[in-house]
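What follows is a set of notes on a single structure, which appears directly below.
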Amino acid sequence: MRHTNNIMAFLLLSISILSSCNKVEEVLSGRLLPGEFLVDNSLVLSAEVSSPGMDGIIFSLSGDRTVAGNSNWSFVIGLNDEKELAYRDYLSERTAKINQFIEDNPGVPGPHLYDCGISEPVKLVSDVKLFGREPGSNLSDLCSLVRIDAYNTVLCTWPGLEVIRNTPQSGKIAFDDYFAVGNAFFSLMDLRFVFNNVPEEQPDSVTLTIEIPLQCSYWYGKPWAQNLVHRGDSPIELPEYRKLIASVEVNLR
């Protein structure tokens, strides 16, 4: 029930802000969510196998689109409230550079971001030997993105939220460039990636695991967020540094 209430609270938040005034609509060109909404199982790694062997796989990395957050946290807001105005000012200031970029580039959707950034190199590891590298070795430098969701194209720094560039939705982009240390982390993740080459090894099956280390900014306790971000009866204390992990097992025969 708490999980459902949190979803409803966020939906009401979005509806109330979007309907209030033009300034707020501009603010939400770039959407920023508190670190409290990031859950450890936010990511899903899957694979599409078009033919046997490593050359017939496209991997997909997607995110939880319910934006429900931890069941011990909720984020509520009411119209015409002094605290809401403080929230709007905070969001407007944080996303100003993103929104200026969106205004200067019509047709480019604003990114949906967590108030979190990539703190260490992202790792992609295999449970078997691939490309001459032992199990557990980082393989991310051997991969490229081949599809990016429209809301995932505008790369930004964190915590400054300065626009780095707008990446194309298709065409190969180095995996490590997209997930570079210091980049802001998307809240709506929808990506596809492949290995750049076919490994000499052709195992019967392989389990790939992605590890994304993050530094998170939480809004609870900040002066402007009083009465907006709430903790449940038994709140889970959230660490500043976290790691999202997702795996997929692929049968290659």
Side-chain angles (χ1 to χ4, degrees), residues 3 6-7 33-50 54 56-71 73 111-131 133-153 155 158 167 169 172-196 199 203 205-216 236 238-252:
H3 187 82
N6 286 345
I7 296 175
L33 301 178
E36 284 88 346
F37 278 173
L38 182 66
V39 292
D40 292 339
N41 59 350
S42 289
L43 294 181
V44 177
L45 182 61
S46 57
E48 299 176 12
V49 183
S50 59
M54 290 295 298
I57 304 178
I58 294 180
F59 298 96
S60 298
L61 185 64
S62 57
D64 180 4
R65 292 178 177 271
T66 62
V67 197
N70 190 293
S71 61
W73 297 92
H112 292 218
L113 305 168
Y114 285 113
D115 204 348
C116 305
I118 299 174
S119 58
E120 297 178 25
V122 172
K123 292 183 178 180
L124 175 70
V125 300
S126 165
D127 68 332
V128 297
K129 186 175 182 179
L130 286 180
F131 300 99
R133 300 183 186 181
E134 294 302 317
S137 300
N138 190 9
L139 306 174
S140 64
D141 61 309
L142 305 177
C143 296
S144 295
L145 301 177
V146 293
R147 180 187 178 279
I148 301 174
D149 183 83
Y151 291 103
N152 299 161
T153 64
L155 296 181
W158 189 87
T167 59
Q169 285 187 256
K172 286 193 174 183
I173 302 165
F175 188 95
D176 286 347
D177 287 348
Y178 189 85
F179 285 110
V181 174
N183 283 8
F185 185 64
F186 290 98
S187 63
L188 296 180
M189 186 65 68
D190 190 3
L191 309 171
R192 291 188 178 187
F193 65 92
V194 298
F195 284 110
N196 297 326
S205 65
V206 58
T207 297
L208 287 184
T209 300
I210 282 184
E211 301 178 359
I212 303 180
L214 297 172
Q215 182 179 5
C216 299
I236 297 175
L238 300 173
E240 178 182 359
Y241 291 92
R242 303 170 66 181
K243 183 181 290 185
L244 297 186
I245 299 176
S247 298
V248 61
E249 181 180 2
V250 187
N251 188 337
L252 300 173

For [X] and [Y], work out which heavy atoms get closest and say how close.
X      : Y      : answer
Leu38  : Cys216 : CD2-SG, 4.0 Å
Val39  : Leu244 : O-CD2, 3.5 Å
Ser205 : Glu249 : OG-OE2, 4.4 Å
Thr153 : Asp149 : CG2-O, 3.4 Å
Leu252 : Val206 : CD1-CG1, 3.9 Å
Pro121 : Val181 : N-CG2, 3.4 Å

Quick one: [atom1] on [X] to [atom2] on [Y], what's the gap to the nearest 0.5 Å?
X      : Y      : atom1 : atom2 : value
Leu43  : Ser247 : CG    : OG    : 11.0 Å
Arg242 : Ser119 : CZ    : OG    : 11.5 Å
Cys116 : Asn183 : SG    : CG    : 13.5 Å
Leu188 : Ser42  : CG    : OG    : 11.0 Å
Gln169 : Thr167 : CD    : OG1   : 8.5 Å
Leu45  : Ile245 : CG    : CD1   : 12.0 Å

Taking the side chain from [X] and the backbone from [Y], do they hold a donor-acceptor pair closer than 3.5 Å?
X      : Y      : answer
Ser187 : Tyr114 : no
Asn196 : Leu142 : yes
Gln215 : Tyr241 : no
Asp115 : Leu33  : no

Worked check of ring pair (Phe, Tyr, Trp, His ring centres under 6.0 Å) between Tyr178 and Phe193: CA-CA 11 Å; Tyr178 189 85; Phe193 65 92; over 10 Å; no
Phe179 and side chain to side chain contact (heavy atoms under 4.5 Å, CB included): which partner among Leu191, Ile210, Leu155? Leu191
